[in-house]
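In what follows, a structure is listed as structure tokens, so that the remarks can point back to it.
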Amino acid sequence: MSEPSPPASAPAAPAAAVCVVEPDAELAARLARVSSEQQAEVVCFASARRALEHLATQRCDLIVAGDELEEPSCPALLRRVQNEHPEVLRVVLSDREGLEVFRRVPYAHQFFRRTAAPAALAAALAQCLQLRSLICRPPLRALVASSNALPAAPKLYAQLIDLLADPKCSMVKVVDVIQRDLGMSTRLMQLVSSAFFGLSTQIQSLGACVGYLGLNAVRSLVLSAEITQLYPSAVPGFPSETVHARALATSRLARRLAPGVADESQAFVAGLLHGVGQLVLAARAPERFQEALELVRERELSLTDAQIEVFGASDAQVAAYLLALWGQPIEIVSAIANQDTPQLVDVRAPGMATLIYISKRLAQNPAMPLGDDAASPSQLNTAFLAQVGALEKLTSWRAVASRAS
């Protein structure tokens, strides 16, 4: 009897399709070489108009655009890509500082320095392509979309993004837009006047509130609040307010622990948004989410393992998928995707994913014990923290968490 044939292997994923939009031919060629080394298929265009014509008919996973493009400009190009092709990762080529780049082109996930060495470009590109493997997963799309259409960014958040893309945008315009939403205005005022920010005096006006928080923090708080409204939990005993309160505590601690590890403003945003996937799952599929909670109780699984068994994905992956669609920077998206598996992205030193992993646990319990279970939500994994050199920081981090609680 002949031996049975081996099972057919799954078809290999297609190579990443990269579109470079840059009038500097030498720089475009350098990016094309780096992309090809990452096994990507690359096309280059000198104008945004030609790139848009290409995107209308061809598959694209990653677009890299120079920030000096004209007709349309780089912000206009990436805004159209976000609206018309939301699953395409968007990268800006620039010599400006990171925060300045994201203020000028808030529709981008990442920026590459024009003068970066090939090795640095290759590392940044590899990070983008790693995230692409998450965003391209059909099960995640099915979990966040109620139809074939992907969910649009919340209205007020989208308005703020457009405002901040205008270099002439003033604080007055931002305040005016937020004031039109009475509920959001009240929520921001209550938050900044609460113990969360530890102010000794009350903030008396929305303008003072926005001025104190800063535009990036306001934008993120608005997004968090709008997601809570878009995805109200329908699971008994699992109120959206609890998720939001935990997120605030995590963001507060992450910002305080960030120096020497990650950018403070990005740490604040990642902490604030790390739990939105739970809201999406609890709102979109409450019965299945309840089933996952029962698995946690009955079989003592972690919530992440229970979600993967029930949904085929974790809330961290769902949150990362949704936030990537809406243009959050890649560092934030990656940290949220790996909030329970920081070892996948932080190998030699603690980074943003480690920061969120630590912050959400210490915000819950500053004395959370060390242990050997890498997946446990009630332990800090000893081997991983030792590997990235975070054990030596743990005592001081616990002290900060105790003061913040």
Side-chain angles (χ1 to χ4, degrees), residues 98 191-192 194-200 213-214 216-217 220-221 224 242-275 278 296 300-305 314-316 319-320 329 331-405:
L191 177 62
V192 80
S194 71
F196 174 69
F197 284 99
L199 295 181
S200 58
L213 292 173
N216 285 328
S220 302
L221 286 165
S224 174
T242 298
V243 177
H244 191 62
R246 289 175 180 168
L248 286 173
T250 299
S251 66
R252 180 186 186 189
L253 184 56
R255 186 174 61 173
R256 294 185 178 186
L257 300 183
V261 177
D263 177 84
E264 291 184 41
S265 62
Q266 289 195 333
F268 175 84
V269 175
L272 187 66
L273 301 177
H274 81 276
Q278 292 187 11
V296 171
E300 298 184 351
L301 296 179
S302 69
L303 182 57
T304 296
D305 288 342
S314 69
D315 67 81
E331 290 88 351
I332 291 173
V333 174
S334 179
I336 289 173
N338 294 286
Q339 59 185 275
D340 294 312
T341 54
Q343 67 275 10
L344 298 181
V345 287
D346 296 342
V347 178
R348 296 181 180 85
M352 184 78 79
T354 302
L355 188 64
I356 301 307
Y357 169 84
I358 290 281
S359 296
K360 76 174 193 175
R361 284 162 172 77
L362 293 188
Q364 174 188 338
N365 175 15
M368 183 163 287
L370 291 164
D372 298 326
D373 187 351
S376 173
S378 57
Q379 291 182 1
L380 296 170
N381 184 246
T382 308
F384 168 68
L385 295 184
Q387 174 188 325
V388 296
L391 272 181
E392 59 197 45
K393 301 175 183 286
L394 189 55
T395 299
S396 62
W397 285 350
R398 290 190 192 278
V400 174
S402 295
R403 292 193 296 271
S405 59

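- Side-chain atoms of Gln339 come within 3.5 Å of backbone N or O of His274 as a donor-acceptor pair.
- A donor-acceptor pair is defined here as one N or O able to donate and one able to accept, closer than 3.5 Å; no such pair exists between the side chain of Glu264 and the backbone of Arg256.
- With sequence neighbours excluded, the residues satisfying side chain to side chain donor-acceptor pair (under 3.5 Å) with Asp305 are Ser302.
- Taking CG from Leu391 and CH2 from Trp397, the interatomic distance works out to 9.5 Å, rounded to the nearest 0.5 Å.
- Between Ile332 and the options Ile356, Asp263, Leu272, Val269, a side-chain contact (heavy atoms from CB on, under 4.5 Å) holds for only Val269.
- Formation of a donor-acceptor pair under 3.5 Å by the Ser251 side chain with backbone atoms of Ala247 is found in this model.
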>> Would Thr250 and Leu273 count as a side-chain contact (heavy atoms from CB on, under 4.5 Å) here? Give the steps.
In response: CA-CA 9 Å; Thr250 299; Leu273 301 177; over 6 Å; no
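- The closest donor-acceptor contact from the side chain of Gln379 to the backbone of Asp373 lies under 3.5 Å.
- Side-chain atoms of Thr382 come within 3.5 Å of backbone atoms of Gly371 as a donor-acceptor pair (strictly under, hydrogens ignored).
- Annotation: salt bridge (charged side-chain N to carboxylate O under 4.0 Å, His left out) contacts of Asp346 (sequence neighbours excluded): none.
- Heavy-atom neighbours of Arg398 CZ from other residues, nucleotides or ligands within 6.0 Å: above the threshold of 12.
- Side-chain contact check for Leu380 versus Leu362: some heavy-atom pair is nearer than 4.5 Å.
- By the side chain to side chain donor-acceptor pair (under 3.5 Å) test, Arg361 is found to be paired with Asp340, residues two or more places apart in sequence or in another chain being considered.
- A distance-only check finds a donor-acceptor pair linking the side chain of Ser396 to the backbone of Lys393 [under 3.5 Å].
- The structure places CD of Gln343 at 9.0 Å from OG1 of Thr354, a figure rounded to the nearest 0.5 Å.
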